[in-house]
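Here's the structure, in structure tokens; my notes come after.
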Amino acid sequence: MSGASPGGAAGAILAGPAADRFGRKTLLIADAGIYATGVIIPAATPDAAVRLFARTMLGSGRSPSAS
């Protein structure tokens, strides 16, 4: 279940241009929504594939706010 690493890499690559285009505050709010969705989905599903997808979302929502 290492979907957070590729999601984090993709989020870090896309964070700079997105922050330039939409602003840091808007990006931070969107990241919080992506992160919250990535936390709620694995708790509600028994399927491993859906959990992996949610972990990827979790990684992409975590990385821009950390940079």
Side-chain angles (χ1 to χ4, degrees):
M1 297 294 241
S2 62
S5 296
I13 290 170
L14 298 174
D20 291 341
R21 183 170 184 176
F22 302 112
R24 290 185 295 165
K25 184 177 180 180
T26 305
L27 186 64
L28 188 60
I29 292 169
D31 290 338
I34 293 169
Y35 187 83
T37 304
V39 169
I40 292 170
I41 290 175
T45 185
D47 189 24
V50 176
R51 283 187 187 165
L52 183 61
F53 174 73
R55 292 285 302 225
T56 305
M57 284 180 49
L58 186 67
S60 67
R62 174 185 52 127
S63 65
S65 58
S67 58

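Quick caveat: nothing in here was measured; it's all calculated off a predicted structure. Sequence positions, counted from 1, serve as the residue numbers for this chain.
I29 CD1 to I34 CD1: the interatomic distance, rounded to the nearest 0.5 Å, is 12.5 Å.
A30 meets the side-chain contact (heavy atoms from CB on, under 4.5 Å) test with no other residue; sequence neighbours excluded.
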List the atom pairs, donor and acceptor, that lie under 3.5 Å between side-chain atoms in residues 37-46 and the rest of the protein, sequence neighbours left out.
from : atom 1 : to  : atom 2 : distance (Å)
T37  : OG1    : G33 : O      : 2.9
T45  : OG1    : D47 : N      : 3.3

